[in-house]
Every structure is written in C-alpha cells, then in structure tokens.
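Everything below concerns the one structure shown next.
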Amino acid sequence: MPSSIHFFFFFLPLLITLLHLSSSITHATVAQQRKVYIVYMGDVSPTRSHISALDQHHDLLLSAIQDESMARSAKLYSYTRSFNGFAARLLPEEAHRIRGREGVVSVFESQKNQLHTTRSWNFLKMPQDVRRKATVESNIIVGLLDTGIYPDAPSFNASGFGPPPAKWKGKCDSGANFTGCNNKVIGARFYNLDQMDPNIDVETPADLDGHGSHTSSTVAGVPVGGASLYGIARGTARGGVPSARIAMYKVCWSSGCDDVNLMAGFDDAIADGVDLISVSIGGSPKPFHVDPIAIGAFHAMKKGILVSCSAGNIGPALGTVQNVAPWILTVAASNLDRQFKTAVKLRNGVKSAGISINTFSPKRAMYPLTSGIQAAINVSGYGNASACDYGTLDEKKVKGKLVFCRGSANQDYSINEMKGAGVIMTAAQMSDIAALTIIPGTVLTVADGDKIDRYINTTKYPRAVIQKTRTVHVSAPAIASFSSRGPQFISPSILKPDVAAPGLSILAGYSTLATLTGTKDDPRRYPFNIISGTSMACPHVTATAAYVKSFHPDWSPAMIKSAIMTTATPIKIPAEGEGLATGSGQINPTRALHPGLVYDMALTDYISYLCKEGYNDSDISLLYHSRKNLSCADIKPAKGSDGLNYPSMHYQLNASITTFSVEFHRSVKHVGFGHSVYKAKVTSPKGISIEVFPEKLVFNRKHQKQSFKVCVSGELKNGTYIATGSLVWDDTKHVVLSPIVVYKPQVWSG
Ligand SMILES: *[C@@H]1O[C@H](CO)[C@@H](O)[C@H](O)[C@H]1NC(C)=O
Ligand SMILES: *[C@@H]1O[C@H](CO)[C@@H](O)[C@H](O)[C@H]1NC(C)=O
Ligand SMILES: *[C@@H]1O[C@H](CO)[C@@H](O)[C@H](O)[C@H]1NC(C)=O
Ligand SMILES: *[C@@H]1O[C@H](CO)[C@@H](O)[C@H](O)[C@H]1NC(C)=O
Ligand SMILES: *[C@@H]1O[C@H](CO)[C@@H](O)[C@H](O)[C@H]1NC(C)=O
Ligand SMILES: *[C@@H]1O[C@H](CO)[C@@H](O)[C@H](O)[C@H]1NC(C)=O
Ligand SMILES: *[C@@H]1O[C@H](CO)[C@@H](O)[C@H](O)[C@H]1NC(C)=O
Ligand SMILES: *[C@@H]1O[C@H](CO)[C@@H](O)[C@H](O)[C@H]1NC(C)=O
Ligand SMILES: *[C@@H]1O[C@H](CO)[C@@H](O)[C@H](O)[C@H]1NC(C)=O
C-alpha cells in the first residue's frame, strides 16, 4: 500500500471512524441500534408529484415502523429529483419488511466509501494551445462528488468568465470558511445525512481536505503559470477543459463518504443540469442495485450524463477493481515521465538517492545523524527501535538530528514530534509513490540504507544532509503499483478498468484550508499539492470526456466513452495483470475527438444486459418508467458471451476448464465523413484464435451502423492465467482498437 495515499485517504479516516464509533456508543443505545438504510425505488415516476413521492416514502416507513411519529423521525432524506428512494434509520427487521414491498428495488445499509487519493496535460499531448471550442466548452458543467472546494484557489479564478449557462439549476450553499461561488465554481452543496464528527467536521461546502480542490482543478482549473509545490514540479498548472464550469457536491467528511450522501449528490447533480460527473471515491464492489455509485451513474446515463470513476488504490493484487458497472467509465492510474528523487549526502561524501517529496531546503551544510538503534530508550525493551516504532526512541537523542529508521511507515510524523531534523527510511521494495514528508525525509533501498547504518556504526560523529527533492526522467506510461486491477465478479464479462490516465504524483490546485499533509502539526498551507491515486487519474478522463463533448455535443455517454477507449494507446511497459490493469490503455484526448467508429449503447442495451445478468421484470420496470413499463420480454435479448456492445472484449474461464470458444456480437457507428472502408486486423496471443465476421465493413454515410461478430477460441494451459489480444478496425486514417482479454483463475494445488 503506497504510503501517502494510505495515510491520507485510508488510514486517517479509518482511525477517525474508530474514534467516532467508540464515542457514539451511548447515542446508538438510545437510538435502539437503528442503522441508516437506503430504500432504492428506481426511476422517478413521470405521473407522481414530489409530494406524492414523499407520501409514498412515509407510507412505506409507517407500514414497517407502525408508529406515526417514529416513522416521521426515522426518515433522513427523500431522493426525488433524479430517482426515487429515501434514507432512514431503521431496525434490521423494519428494513426487512420494506424490502418485500411493491415498488422497492432494494434496501441496503448505508456504508462508508473512501476517497481514492501539470504537466500531465502536455504529457498527454494536449498542449495549452490545443484546438478548442471555447464557447461550447464554457457551457459545459462538470459535477464532482468529493470533499468540497476552495473557490479562492488561483486555479478557480473566475476572471473573464460569463454568468453560468442558462441550463444551470444548481445551488450554492453557504458555510464556514466558504467565500461563495463564482462564475467558475458555479455550484457547491454539501450533504451530511449521517453523523459527522462534530470535533472535526463543519457544515460547509468548503474543502477542508484538499482532495476535492485537487480533482476539480485537474478537470477544469484555469491555467496558472509558475505553479509548483515549493519550487518542485514547476510549470503551468491547468485543467483539461479550463473554460468549463465546476459544480461541487460535497459528500465526504473526515470519516469517509457515506452511501446516503453519495445518493443525494447524484440525485441533485443529475437534476441540476451537469454534463458530466466525476467520482474519485469507491467501496467494495456490490451488485448494482445496492451500490449507490452504480445506481447514481445509471440514472445519470439515462439523462445523457457520462460518469467517470476511479478504479481504486489496492493494486497490484488482481481482483481489486471497484466501480465496475458497464455504464461507468472506470479509470486506472499511470505514471508521468518524471519521478521525485530526494538525495542523502554523508559527510564522507557518499551519496544515495531515495524517493519522496521533500519541500525543505537544508538550512545547514550537515546535520548530526543517528539511527533508531542508537537513539533507543532500551533496545531490548518493547517495540522495534531499529524501525523507530512509536515510543521506542529517546527524545533527547533525536532532537535536532537526522534519524535512520528501517522500514517506511511514515516515521517522519513521530520523528517530527520528537523534534528530529529529518528521517531516512528504507523500503524492501521501492514504491513508485513519492510520499510528501512532514520534515526532511526520503526512502532508500535497503542496500543504500545499510551503507548509512554502517557509516553511523563506524563513525564517531556521523553527519549527513537530506537535500531538497529534484525531478528525474523515467519511462512512461506505466501503470502505477497501487492501481486496482480486474478481474471482478459483479459484471465478470466486462473488462475493468476501462482506461488509464496519469495518477502518480500529480501537481494540481489545493485548498489552503488544509495543510499539505492534512495534519495539524504541518505548518505548510499552499495553493498546490502533489498527490497520487486513481482519484487523480479519474478527473483527467472526465476532462477528456468534456473535451470530446465540446466537439460532439450530441454524442451519447456510450459514444464518448467508446471514443476515449478505442483511441487509447496500449501500455507497453509490463504491468501485473496486463489488460486487467490497463484496460484499453492510456487516454489520448486529441485522438478521442476523431475515433472513426464508435460502439454505442442505449438504455435498452443496458436493460437487456441486466435481464441477461438475472434482474427480473419487477426490478427492470422500476429502473425505467415509461408510458409502457419495460420488461425483459419487450427487449431484444442480449447476444453473445457478454451481451453488451462494449468497446473492449473480456471472458473469464472457469478455473477447472482450459479450452473455450466464445462469441462477441458488436455493432459500430460511423462518425467519420462519407465513404469509408474498414478492415479488421487481429492480434492473437499464443494458442488463441480470433476470427472476425465480416472482416471488412463498408460505410457510405455518417452514423451508418454495421454489425460484426468476433469468435475467440483456444486454450489457456494450466499456469497461464491471462491472454491478451486485440481487434483493430483500420481505414488507414483511424485505428479503432479493442483489447481482447481472456482470464482463467489460477488453480493452486497442494
Ligand atoms: C484572477 O485573474 C485576474 C486576471 O488574470 C487577475 O488580475 C487577478 O489578480 C486574479 N485573482 C486572484 C485572486 O488571483
Ligand atoms: C529494557 O527492557 C527489558 C525488557 O523489557 C527489561 O528487562 C530491562 O530492565 C530494560 N532495561 C532498562 C534499563 O530499562
Ligand atoms: C524491525 O523493523 C525492520 C523494518 O521493518 C525489520 O526489518 C526488522 O526485522 C524488525 N525487527 C524486529 C525484531 O521485528
Ligand atoms: C549497526 O549496529 C546495530 C546495533 O549494534 C546493528 O543492529 C546493525 O546491524 C549495524 N548495522 C550494520 C549495517 O552493520
Ligand atoms: C475557518 O473559519 C473559522 C471561523 O469562521 C476560523 O477560526 C478558522 O481560522 C478558519 N480556518 C481557516 C483554515 O482559515
Ligand atoms: C425479483 O427479484 C427480487 C430480488 O432481486 C425479488 O425480491 C423479487 O421477488 C423478484 N420478483 C419476481 C417477480 O420474481
Ligand atoms: C409501471 O410500474 C410501476 C411500478 O411497478 C407502476 O406503479 C406503474 O403503474 C406502471 N406503469 C404502467 C403504465 O404500467
Ligand atoms: C463454472 O463452474 C461452476 C461451479 O464451479 C458451475 O456452476 C458453472 O456452471 C460453470 N460454468 C461453465 C460455463 O462451465
Ligand atoms: C489443469 O488443471 C485442472 C484442474 O486442476 C486439471 O483438472 C487438469 O487435468 C489440468 N490439466 C493439465 C493439462 O495439467
């Protein structure tokens, strides 16, 4: 687990959750073990008014609770704008009673989700002067579900922006430390439906964390010249669509992002008139009808809004990807062609370079140096002094010194508390993540660490200095180690993540309401920060989608998604899990404007997919109200192994089976000009045959559709768990690429 992300977005919230739970035990007893549940009731009914929806919610609660006033006080919120449902505090048996009722798709307990924590646009070959449709772009509104926003950051300077687009129906909440919206940040709301921590959280749309300002400025921040983190990564910081508007829906608090808040954020964002939604948040994968992000994104898709989500930060292990619904654009994280190196120089002249982000320039030429063992209170006592475990070191021996600590467990925080001058850590496996240290610090290889340890052991007055971080060039794109990977078992026939985008050490705008490391001990507040995560990758893709939409305002969410996927560049640097890590590859925003062909999917295609996946008529009719309620029988049955016109192709074998033969049915829409002839080019992995029928597609007019079939067969021998091939449709001007990934779980014997 990469340390910076681990600390900011997982460890810290978890810790706070635990404190929070222990302090609210008495409260829970009073509330009779009621828990927050979401009752999801599908589409808003075109024939039912807001008031009658509220009555419907109350009637359901009353029938389960049987007491008028308790039913009223149990309800927390009604979702009525973009979909139908409500949140309430219920006992498990009450939730169970509602579950069977007519009109109810699902009843599930609200859970906590976690955040998936400028030069990046140049790296993606989208320079600042790229061709744009600035006027159209300025009518695009990007909604983000996140930690709030800090509109005063230079990235959100509204100078030169006109009033919000006429279609905008959103609001701007007020609250502490919030100066209000402007013509750049046109909306900012907060949702606090479950208990927040009164000691930490304040009811405000202001970003007290920094995450939401970072993701928002990556999507749509205005160019800010000379941006850097204390001189590191200097350049122009800017969003992918700098003319677009931002609408923030704050759903995350210090303990995480509750399902009830996520549902409320989606309910409003969709109805407010946003064009795209970006969600850098995730939880463990769940069936779609009990997953608030899948539900929200489904209703967004119905309104023509594409939702992009981060894939999660729990790689490189396989089977870790989150946000896998086929109507979501799921984003993996890749690196940029730079790495942050922080050198240590010993007085004897030996120098080694580690990985970290150290914003501090040394004030002295050399500092006294010690090690955890030498500064220990009692080496044979409790704890691991060589790792500088908390409580093992003697403050007197640490104060003013650099301390060598084995392992990299954020020892910079405890050495800082003991007034040490800096920390040198080691890692058995060097991470690609550069963690921002709270005092001068770096992470070396174990071999380099041993040299320092030996120097300390053999020198009377050891001295060293930790230099400020500098940037070095590395190969790219490569998938970041933490980026979550497939396979997944919620929609096993869909390849997830879909695409990759930069998410490693990204410089973007930040909130000066938060300190750089998020802890009180850190005096640094700065309008930019460098952070890593699929959280940072997702807004790059949201911006790319907004850019494509500015040229093709009439394209469906699936067309935009297809354009981004089929024009992505396959990632050549090997990644654990191959296609299960990279999806279609690294996004290429300017190529995505001209995909040639697109794989479109309409609502009915997703419905027939859901029918194939086992959702029954009563569920389906609730998901989509129309004059005639849809049922699976009314819809063309899904064909082929995956049952969806998806821009990538994926098949999971049974663990016990090695040979297979599957078909994928696809149709593509011509979005180029005039007469075009596309030929199929196939790359087959060893032992696998890929055949395409027909091998040639002829188009005579724009938006003409052609269908084809891909047959994939062969054998995945024991020991091989993945085979990656591809299909390309090529008309000599466009390359329309689909990865074909076959996965077979490993069988472990003995
Ligand atoms: C916003 O940008 C304008 C024009 O570039 C500049 O004059 C102004 O000082 C900026 N405001 C802030 C708060 O940075
Ligand atoms: C050091 O720790 C060991 C083991 O806990 C204990 O037996 C010993 O007395 C301690 N020595 C001192 C000087 O505190
Ligand atoms: C102390 O921590 C270091 C670094 O994590 C580790 O290599 C070492 O084995 C640990 N020692 C003990 C006694 O646990
Ligand atoms: C330095 O000394 C400590 C304590 O005597 C010992 O544990 C460690 O292995 C030594 N380091 C090296 C690299 O020899
Ligand atoms: C936030 O506002 C409160 C009072 O409204 C103020 O005391 C506090 O210093 C502000 N926080 C920051 C980081 O500006
Ligand atoms: C449809 O499936 C749901 C569970 O997803 C179940 O509760 C319901 O009874 C089913 N309805 C029918 C008509 O089979
Ligand atoms: C559609 O289904 C809903 C929920 O089952 C029901 O309330 C409504 O009357 C149905 N509408 C039609 C036209 O059948
Ligand atoms: C895969 O194996 C499971 C049992 O492990 C079985 O239920 C299922 O039918 C098999 N699927 C195929 C396609 O053979
Ligand atoms: C592969 O593994 C499966 C499951 O353990 C086993 O049944 C099969 O005989 C193996 N095949 C070969 C060629 O080793």
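Keep in mind that this is a model prediction, so the values were computed, not measured. Side chains are part of it too, since the values below use all heavy atoms of this structure and drop only hydrogens, waters and symmetry mates. Note that ligands are numbered from 1 as they come in the structure, with each ligand's atoms numbered from 1 the same way.
Of the two cysteines examined, C309 and C538, the SG atoms fail the criterion of being under 2.5 Å apart.
Atoms of ligand 4 found under 4.0 Å from any heavy atom of D450 (numbered from 1 in listed order, with element): 13 (C). Set against the non-hydrogen atoms of S386, the atoms of ligand 3 under 4.0 Å away are 1 (C). Interface of I373 with ligand 4, defined as ligand atoms under 4.0 Å from a residue heavy atom, comprises 4 (C). Counting atoms of ligand 3 from 1 in the listed order, those under 4.0 Å from a heavy atom of A387 are 2 (O). The distance from ligand 4 to the heavy atoms of N457 drops below 4.0 Å at these ligand atoms: 1 (C), 2 (O), 3 (C), 8 (C), 10 (C), 11 (N), 12 (C), 14 (O). Numbered from 1 in the order shown, with element, the atoms of ligand 3 that lie under 4.0 Å from a heavy atom of R406 read 4 (C).
Under the 3.5 Å distance criterion, with hydrogens and angles disregarded, no donor-acceptor pair is assigned to the side chains of Y77 and D267. D259 and N113 are linked by a side-chain donor-acceptor pair at a separation below 3.5 angstrom, with hydrogens and angles left out of the test. Side-chain contact check for S505 and R338: no donor-acceptor pair (N or O, by modelled atom type) lies under 3.5 Å. Judged by distance alone, the side chains of T342 and T469 do bring a donor and an acceptor atom under 3.5 Å apart.
By the side-chain contact (heavy atoms from CB on, under 4.5 Å) test, L318 pairs with R485, P487, L580, Y721, Y743, sequence neighbours left out.
Near ligand 5, residues N177, L513, R525 each place a heavy atom inside the 4.0 Å sphere around the ligand atoms.
Between H214 and Y510, the ring-plane angle classifies as perpendicular under the 30° and 60° cut-offs.
Using a cut-off of 4.0 Å between Lys/Arg side-chain N and Asp/Glu carboxylate O, D173 and R189 are scored as salt-bridged. The residues D450 and R406 are annotated as salt-bridged, a charged nitrogen and a carboxylate oxygen being separated by less than 4.0 angstrom.
For a threshold of 3.5 Å applied to N or O pairs, the pair formed by N384 and ligand 3 contains at least one separation below that value.
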